[in-house]
Each structure stands twice: as structure tokens, then as C-alpha cells.
Amino acid sequence: MSENKITLGKTLRDARIAKGFTLDDLQQTTKIQKRYLIAIEDQNFDELPGDFYVRAFIKQYADMVDLDGGELLKQFDSTLPSTQTQEYVDKVNENNPETRSQQRKVDDRYVKLRRTVPVIGIVIVVLAVLLGIWMAAAHSGSSTKKDNVDSSSVSVSGSSEKKTSSSAKSKSSSKKASSKKVTKTPVFKQLSTTTSGSTWQVKNVADKPKLKLSASSSAWMSVSVGGSTIWQGTLSATTSHSMRIPSSATSVTFNFGNAPATKVKVDGETFHFNSATSTSAASSTSDSTSTDTTSSSTTTSSQVQAVTLEFK
């Protein structure tokens with residue numbers, strides 16, 4: 001071998017030993033088989049798989065041991081096979097990790113672009129369809145709104161007629177209700193009278209008649225239903241008492257200790273029980289030939305009274 005050939009292989013071997021690499025280390029890192037690495041160090045380029053591999057392997061070897069591969073190839077260019085074909089260039093690029101990495105990046109971008117373009121096309125189509133649907137719906141909505149406006153004018157006139165009719169019905173109903181209300185006013189009728197009280201009948205009272213008892217001065221009174229006292233007490237000019245008579249009651253009995261000062265209302269209507277009793281007492285006095293003692297007895301009976309009111 002020439003001195004140049006020995007110098008190329010020796011340069012690579014010395015650099016490898018200086019880095020502390022073994023041939024096995026280089027084989028694992030560069031993926032170049034160990035026998036080819038030995039052939040490079042021994043300058044046996046004929047043992048490599050092809051002439052285009054010589055320069056590629058030498059450059060990889062030199063780069064791994066921190067030598068300038070390109071400079072080394074120029075320095076020993078005359079001792080290396082002259083295979084500057086496109087096949088050689090492609091092979092060097094394929095075996096160069098950086099070149100392969102860049103190529104993979106370009107390929108990845110191309111693949112991503114190919115995947116993205118259909119997606120973008122689909123999105124554009126979907127948006128166009130949605131836009132068309134929206135425009136059709138808007139057009140349909142405007143037509144419906146116009147129809148609704150026309151129909152609403154008819155409905156308004158119809159509703160006005162209905163309101164007028166309902167107003168007339170309401171007035172008619174209120175008149176009927178007021179007339180019914182008039183007929184529901186309690187009507188009192190005297191059935192009998194004595195010196196100690198009287199019996200009355202009342203019509204047009206509620207299912208549960210409401211009583212309101214009051215007095216112009218101090219007056220004791222009691223209220224009984226079915227023989228049982230349901231309330232008793234003394235009222236003054238500043239007090240009153242209201243109560244409901246059970247719906248099952250057919251009559252109510254009042255006992256008044258001071259009848260002339262006592263006032264009774266049934267369902268809001270004043271019960272004038274005093275006037276009839278006083279008249280009866282006066283009549284009894286005029287027909288009698290009694291003395292002042294008899295007259296005193298009549299006055300007492302007018303003061304204390306038992307009044308029964310029957311419901312019909």
C-alpha cells in the first residue's frame with residue numbers, strides 16, 4: 001500500500017483510540033458493520049459493498065471520532081474510488097443522520113398537508129350547507145311573520161268583539177248578582193210576644209248566620225242554641241261581640257239583661273226585637289186596670305227579655 005493509504009487508515013484508527021472507542025462501539029453508533037470498519041482502517045476499500053459506500057463510511061467514521069469528514073475526504077481524495085455519481089450522493093444523504101432527519105421532517109409536513117386538505121374541504125362544505133339552511137330558515141321566518149301580522153289584525157278585531165261581549169256578560173252577571181244579593185237580605189217576622197219576651201222568624205239568612213251583638217250602655221246577654229249556651233257576657237258602649245251560628249241550628253235564643261240598650265244584627269241586618277215587645281207591653285198596660293204596681297211589673301219585663309229567633 002502507498003504511504004497515503006496507510007496514513008488515512010492510521011489517522012482514523014488513532015482518532016478512535018484517542019476517543020476511547022472500540023470497533024464495537026463504532027459499529028453500534030454508526031450501524032456500519034465491524035468488518036467494514038476494519039477494512040477502512042486497513043485501507044482495504046475493495047471489501048466494502050460498493051465504491052459509493054467508501055466515502056460515505058469514511059465520512060461517518062471521521063465524524064464519530066471528531067474529525068472533519070469533508071476535509072479528510074479532500075485530503076485523501078486521490079486514494080479513494082472516484083464514484084461521484086448521483087447514486088453516491090443519494091447514498092451519502094441516506095446514511096447521514098442529519099440529512100435523514102431533515103428529509104423525515106419534509107415528509108411529515110407533506111403527509112400532514114395531505115391529511116389537512118380534505119378536512120379543510122369538508123369543513124368548508126359543512127359551513128356552506130349550514131349557511132344555506134340558515135338563509136332558507138330566515139326567509140321562511142320572514143314569510144311566517146308576515147302571515148302572523150295579517151292574522152293578528154283579524155284576531156285583534158275578533159278579540160275586541162269578544163271583550164265587548166264578555167263585558168256585557170259581566171255587567172249582566174253583576175246585575176243578577178246584585179239582584180240576588182237584594183233577595184238575600186234577612187227578613188224578620190214576629191210570631192208571638194209576651195211580657196217577658198217574643199218569638200220571631202227570619203228568612204234569607206246564610207248557611208251559618210253571623211251575629212253581631214253590641215250595646216249602647218252596660219248590658220249582659222247570652223246566646224243559646226238547642227238549649228245549650230254558646231256564649232254569654234257583658235258588653236259596654238265600646239265593645240261588641242261577633243259569632244257564627246252552626247248550620248245545623250234551627251233557632252237561636254237570646255237572653256237580654258238590659259234589652260233597651262242591646263243591639264243585634266243578623267247577617268248585617270238589624271234585628272228590631274225591642275219595638276214589638278215595647279208595643280206589646282204598652283198595649284197590655286192600657287187595657288189593664290192595675291195599679292202602679294202592675295205598671296212597674298210591665299217596665300221590668302221590658303228590661304229583661306228572652307227572644308227566640310227561628311230560621312226558615
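Along the sequence shown, residues are numbered consecutively beginning with 1.
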For this session: Just jot down the salt bridge (Lys or Arg N to Asp or Glu O under 4.0 Å) partners of Asp66, sequence neighbours excluded, or say none.
Result: Lys19

Problem set entry | Value rounded to 0.5 Å, distance of CG in Asn258 from CG in Leu235 | 11.0 Å

Problem set entry | Fellow cluster residues of Leu130, listed by chain then number, with links counted only when side-chain atoms sit under 4.5 Å apart | Ile122, Val126

Exercise. Short question: side chain of Thr30, backbone of Ile32 - any donor-acceptor pair under 3.5 Å?
Worked result: yes

Exercise. Where do Phe271 and Val202 land on the side chain to side chain contact (heavy atoms under 4.5 Å, CB included) test, with the steps shown first?
Worked result: CA-CA 9 Å; Phe271 177 25; Val202 61; over 6 Å; no

Exercise. Given side chains that start at C-beta, do those of Asn255 and Val304 come closer than 4.5 Å, heavy atoms only?
Worked result: no

Problem set entry | Qualifying residues under ring pair (Phe, Tyr, Trp, His ring centres under 6.0 Å), relative to Phe21, sequence neighbours excluded | none

Problem set entry | side chain to side chain contact (heavy atoms under 4.5 Å, CB included) between Arg13 and Asp42, worked out | CA-CA 9 Å; Arg13 185 185 296 110; Asp42 293 341; 3.2 Å; yes

Exercise. With distance as the sole test, does Thr239 use its side chain to make a donor-acceptor pair with the main-chain N or O of Ser236 at under 3.5 Å?
Worked result: yes

For this session: Examine distances only and state if a side-chain atom of Gln43 and a backbone atom of Gly9 form a donor-acceptor pair shorter than 3.5 Å.
Result: yes

Exercise. Taking a hydrophobic cluster as the set of Ile, Leu, Val, Met, Phe, Trp and Tyr residues connected by side-chain heavy atoms closer than 4.5 Å, whether directly or through intermediates, do Val187 and Phe311 fall within one such cluster?
Worked result: no

Problem set entry | Donor-acceptor contact present, side-chain Asn274 to main-chain Ala259, <3.5 Å | yes

Problem set entry | Leu191 with Val205, same ILVMFWY side-chain cluster at under 4.5 Å | no

Problem set entry | ILVMFWY clustering at 4.5 Å (side-chain atoms), partners of Trp134 | Leu131, Met135

For this session: Taking salt bridge (Lys or Arg N to Asp or Glu O under 4.0 Å) as the test, write out the residues that go with Asp14, two or more places apart.
Result: Lys10

Exercise. Is the closest basic N to carboxylate O distance between Asp267 and Lys212 below 4.0 Å?
Worked result: no

For this session: Output the distance between atom CZ (Arg55) and atom CG (Leu48), rounded to the nearest 0.5 Å.
Result: 12.5 Å

For this session: For side chain to side chain contact (heavy atoms under 4.5 Å, CB included), just list the numbers for Glu310 and Thr250, CA-CA rounded to whole Å, side-chain angles, deciding distance to a tenth of an Å, and then say yes or no.
Result: CA-CA 6 Å; Glu310 298 178 352; Thr250 58; over 6 Å; no

Problem set entry | Qualifying salt bridge (Lys or Arg N to Asp or Glu O under 4.0 Å) pairs with a residue from residues 21-36, counting only residues at least two apart or across chains | Asp24-Lys34

Problem set entry | Distance flag, aromatic centroids of Trp220 and Phe256, threshold under 6.0 Å | no

Seminar exercise, completed: Smallest heavy-atom separation, Phe188 atom then Glu269 atom, equals CE1-CG, 3.8 Å

For this session: Return yes if some donor-acceptor pair links the side-chain N/O of Thr270 with the main-chain N/O of His272 below 3.5 Å, else return no.
Result: no

Exercise. Are Ile245 and Trp231 connected, step by step, through hydrophobic side chains (Ile, Leu, Val, Met, Phe, Trp, Tyr) whose heavy atoms are closer than 4.5 Å?
Worked result: yes

Problem set entry | Audit row: Val307, Thr253, side chain to side chain contact (heavy atoms under 4.5 Å, CB included) steps and yes/no | CA-CA 6 Å; Val307 179; Thr253 299; over 6 Å; no

For this session: May I ask whether Ile40 and Ile17 are part of the same hydrophobic cluster, defined by side-chain heavy atoms of I, L, V, M, F, W, Y residues being less than 4.5 angstrom apart, directly or through others?
Result: no

Exercise. Does Asp46 offer a backbone N or O that forms a donor-acceptor pair with the side chain of Asn44 under 3.5 Å?
Worked result: no

